[in-house]
Amino acid sequence: MYEIVERRQLVPDHHVLTIHAPHVANKVQPGQFVILRSDEEGERIPLSVADFDREAGTVTSVFLEAGAATMKLARLETGGTIPTYMGPLGKASEVEPCGTVVLMGGCYGIGALYPIARAHRAAGNRVISILEAHTQWLLYWTERHQAIADEVYVMTSDGTAGERGLSFDKLTALLDGGLAPGLVYAIGCTFLMSSAAKLAEERDLNLKVALNTVMVDGTGMCGGCRCSAGGEPKFACVDGPEFDGRAVDWEGLMARRRAYRPQELATMRRLDSSGKLASSKPAGKGPHHG
Amino acid sequence: MAEPPSGKKVIDLVRRPMPAQPADERSHNFTEVALGYTLELASEEARRCLDCKMPRCMDGCPVNVDIPGFIRELAKGDLRGAISTLREHNLLPAVCGRVCPQENQCEAVCNLVKRGASVAIGRLERFVADAAAMDNMIEPPQPSPSTGKRVAVVGSGPAGLTCACDLLRLGHQVTIYEALHEPGGVLIYGIPEFRLPKHIVRREIDQIRAMGAEIVCDFVVGQSATLSELRAQFDAVFVGTGAGLPWFMGIPGENLVGVMSANEYLTRVNLLKAYQTGAATPVPKPRVAAVVGAGNVAMDAARTALRLGAKQVHIVYRRSRDEVPARLEEVEHAEEEGIIFDFLTLPVAFGGENGRLTTITCQKQQLGEPDERGRRSPVPIEGSEYDMPCDLVVMAIGQSPNPLIKNTTPDLQTSRRGTISADDKTGRTNLPGVFAGGDVVTGQATVILAMGAGRKAAASIDDWLRTGEWAIVEAEG
Ligand SMILES: Cc1cc2nc3c(=O)[nH]c(=O)nc-3n(C[C@H](O)[C@H](O)[C@H](O)COP(=O)(O)OP(=O)(O)OC[C@H]3O[C@@H](n4cnc5c(N)ncnc54)[C@H](O)[C@@H]3O)c2cc1C
Ligand SMILES: Cc1cc2nc3c(=O)[nH]c(=O)nc-3n(C[C@H](O)[C@H](O)[C@H](O)COP(=O)(O)OP(=O)(O)OC[C@H]3O[C@@H](n4cnc5c(N)ncnc54)[C@H](O)[C@@H]3O)c2cc1C
Ligand code: SF4
Ligand code: SF4
Ligand code: FES
């Protein structure tokens with residue numbers, strides 16, 4: 001059993017989860033992830049590491065309520081416990097001196113990006129972070145990014161904060177303005193990453209993405225996380241999650257992510273009707289102005 | 001003492017059948033298929049054993065269970081004696097009695113096999129183990145006084161569990177590190193409930209805990225700590241991480257949704273309990289399933305698909321019936337349950353719509369000339385390709401060790417196949433204090449071989465802890 005040091009809603013549907021797990025905290029590096037279960041019947045789900053404190057033995061993730069498993073997670077309270085917390089998994093992000101690094105993140109990626117940005121800064125790179133959200137009240141951790149990055153751009157689809165548009169648009173504009181990054185890093189929904197990949201292709205950018213395939217064990221045992229990168233079969237949990245964005249077969253990846261959509265919906269309906277998703281949902285802090 | 005088989009003992013050539021759930025019932029449930037002998041059947045079967053002076057059966061058992069010994073005690077009605085004799089050599093008799101390929105091991109060389117009906121050693125072993133457990137007769141082996149030495153065991157499959165148990169018995173302290181959230185290895189995540197009920201595995205693991213082993217789950221060696229870091233904290237390390245990485249064929253369409261490894265399929269069903277209504281973990285519920293391969297893993301996947309409601313389940317195998325590697329009993333059970341065997345058939349592509357599998361394209365094969373090992377290899381018949389509609393393909397064509405430890409321990413010697421190189425007799429690797437055994441060394445083999453390897457390694461670890469000598473004993477001959 002692992003103690004939930006904090007589970008708090010950051011903005012609607014996004015939560016921060018900090019777990020006391022020294023075995024993970026001791027070793028974790030930016031770019032790695034964990035697999036957890038919210039309860040004994042729960043599904044095993046992978047979450048990226050958004051922060052860690054080796055001394056306190058804690059590890060933090062930011063998660064989005066996407067389906068049944070993450071909804072259950074969102075209903076756990078600070079001070080409670082979860083039965084499974086395994087990791088750190090995957091390879092650490094390769095952080096090398098490479099001049100300017102542009103990091104683009106959306107959704108849970110804003111959190112997942114944070115330790116990677118911090119590591120690049122520590123490696124002496126110039127860090128430009130582009131944070132994207134649909135609207136102003138879905139933005140979080142802007143200050144945290146501002147504290148470590150050289151430049152932070154905020155993009156919202158409706159223009160309510162920062163500039164109107166997607167992180168993709170900002171990157172395009174920066175490139176048009178003559179920026180020549182040594183590395184671009186994209187993490188978030190598959191759409192964000194695959195569109196970054198298109199741009200990388202066109203502009204010949206060195207792009208890293210962190211894939212979020214379906215996973216079961218996270219040790220190379222199930223092959224459920226397999227994807228194709230550079231025409232080679234890869235297991236995202238042991239060969240990744242970080243891959244060269246231009247080499248990934250995006251179409252295949254998206255189809256595989258949707259594999260269980262009909263059953264997931266059925267589970268949600270069942271949990272919903274049995275009341276498991278209804279109770280004790282905290283109101284959260286409400287719209288976040290950041 | 002039982003009567004020695006003096007001269008003329010009437011030889012009973014009727015092997016007592018195993019009571020089983022009827023095929024049409026069991027193919028819809030996950031309850032155990034083979035129900036186990038009754039006391040009466042077990043006693044009758046035990047009396048068939050000739051208690052041979054030269055019990056060849058024992059040579060066929062990889063851990064040399066004292067087969068005539070435990071059967072003699074059972075025939076006398078001494079259950080306590082029988083279980084303790086069994087457990088001297090085999091820590092998990094309830095498991096082995098169920099899953100050992102007896103027909104290739106102990107029963108293959110029983111002196112009665114020439115007469116057409118070997119003693120049902122596995123079934124008796126299972127009977128003794130189950131009956132003893134029911135009567136709470138199984139006591140954990142008593143540990144020796146503590147030696148103060150500490151050993152890390154990596155992986156909690158049969159190899160790791162056996163090694164841990166023997167080390168505890170010898171008075172060493174043991175910590176078992178397991179990557180998944182529940183210990184047991186393939187016994188928990190792979191072999192289905194209807195063949196090996198999980199409460200049996202849990203019972204055995206509880207005993208090892210009761211003996212004082214600490215079991216740490218969610219701990220991935222190579223990630224949560226490297227092998228060298230463990231080695232620095234412990235006096236010795238045993239690696240029994242199995243051969244879990246599934247192989248795929250590398251043919252077109254393999255990444256379609258609907259094509260998955262047997263490990264993924266079985267793990268969803270077993271470890272994550274997807275067979276229970278209401279489980280959170282989704283599992284595909286196909287109409288027509290095709291399982292590629294014909295080993296135990298393939299039989300398990302096929303029979304699982306049937307139980308989850310598939311209308312039709314095919315085993316697609318490129319060789320013929322004679323080459324099927326699965327246990328005989330599993331093949332027979334699968335046939336009885338209505339699994340369709342497509343022999344001499346090789347998948348060459350998968351087809352789909354909107355990223356989802358809809359068909360499997362197969363090519364017929366014929367058997368060619370025998371190779372050096374006498375196995376006749378399949379040769380494609382050109383132009384024999386055909387399509388079969390299906391909505392689930394489970395790949396069960398083999399697996400090798402995962403790369404987590406190898407990649408993070410560069411000086412550990414491994415083979416090209418990714419297995420750890422370790423001495424056969426002692427489990428010693430090229431790194432002093434590091435031992436390995438089970439599937440991670442041999443590639444996928446059997447439960448009993450993994451247990452044998454765990455046992456040999458434990459003896460060798462004990463030796464090293466006492467003497468500090470690391471000469472690898474050269475294999476004889
Ligand atoms: C290495 C790795 C790291 C991850 N890190 C994080 C993280 O830090 N925070 C986080 O919130 N999630 C992360 N994910 C994704 C997360 O694991 C899934 O959101 C989660 O498993 C969903 O489980 P569920 O049962 O709640 O939803 P499901 O019912 O399984 O999913 C609901 C629906 O949402 C879709 N969906 C879910 N997540 C995403 C996504 N990220 N992008 C696009 N579509 C999605 C699914 O395809 C599905 O259709 C990561 C995944 C991987 C493989
Ligand atoms: C579906 C299926 C059916 C089978 N049927 C039979 C049968 O009927 N009869 C038979 O004799 N054999 C059968 N086998 C084979 C048999 O199960 C294996 O040979 C045996 O389990 C090997 O034991 P092991 O201890 O070496 O490894 P495993 O049982 O594979 O256990 C290894 C353990 O190590 C863990 N691990 C892996 N990497 C790490 C790491 N880096 N850190 C920590 N832990 C790690 C794994 O999670 C696992 O729990 C079957 C196998 C399968 C998959
Ligand atoms: S352990 Fe397996 S091989 Fe040995 S006697 Fe028992 S069933 Fe036979
Ligand atoms: S060889 Fe057969 S008959 Fe002889 S002791 Fe062994 S099991 Fe009994
Ligand atoms: S998650 Fe199972 S192999 Fe990657």
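Note on naming: letters A, B, ... go to the chains in the order of the sequence lines (proteins, then strands), and numbering restarts at 1 for each one. Atom set for the values below is all heavy atoms of this structure, side chains included, hydrogens, waters and symmetry mates excluded.
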Provide the closest heavy-atom pair for A:A123 versus A:V95 in the form atom of the first, atom of the second, distance. CB-CG1, 3.7 Å

Does the plane of the ring in B:Y177 sit parallel, tilted or perpendicular to the ring in B:F219? Use 30° and 60° as the thresholds. tilted

Testing the basics here: between A:Y114 and A:A50, what is the closest heavy-atom pair and its distance to 0.1 Å? CD2-O, 3.4 Å

Sort out for me which of A:G218, A:G87, A:G42 touches chain B most, counting heavy-atom pairs under 4.5 Å. A:G87

Structural part of B:L404 lying under 4.5 Å from a heavy atom of chain A: side chain

Output every pair passing side chain to side chain donor-acceptor pair (under 3.5 Å) with a member in residues 237-256 of chain B, not counting sequence neighbours, ordered by first then second residue. A:R226-B:N255, B:W247-B:S400

Heavy-atom cut-off 4.5 Å, strictly under: side chain, backbone, both or neither for A:P88 against chain B? both

Check whether B:Y265 gets within reach of chain A through its side chain, its backbone, both or neither, counting any heavy atom under 4.5 Å. neither

Side chain, backbone, both or neither of A:Q32 within contact of chain B (heavy atoms, under 4.5 Å): side chain

Which of B:A262, B:P403, B:G258, B:A179 touches chain A most, by non-hydrogen pairs under 4.5 Å: B:A179

Taking a cut-off of under 4.5 angstrom between non-hydrogen atoms, the residues of residues 437-445 of chain B near chain A are none

Pair A:D39 + A:K72, salt bridge at N-O below 4.0 Å: yes

Name the region of A:V216, side chain, backbone, both or neither, that has any atom closer than 4.5 Å to a heavy atom of chain B. side chain

Given the ring of A:F52, does A:R118 sit roughly above its face, with NZ or CZ under 6.0 Å from the centre of the six-membered ring and within 45° of the axis? yes

Are the charged groups of B:R209 and B:E214 less than 4.0 angstrom apart, N to O? no

Does the side chain of A:H14 pick up a donor-acceptor pair with the side chain of A:Q9 at under 3.5 Å? no

Measure across A:F63 and A:T70 and return the closest heavy-atom pair with its distance rounded to 0.1 Å. CE1-O, 3.4 Å

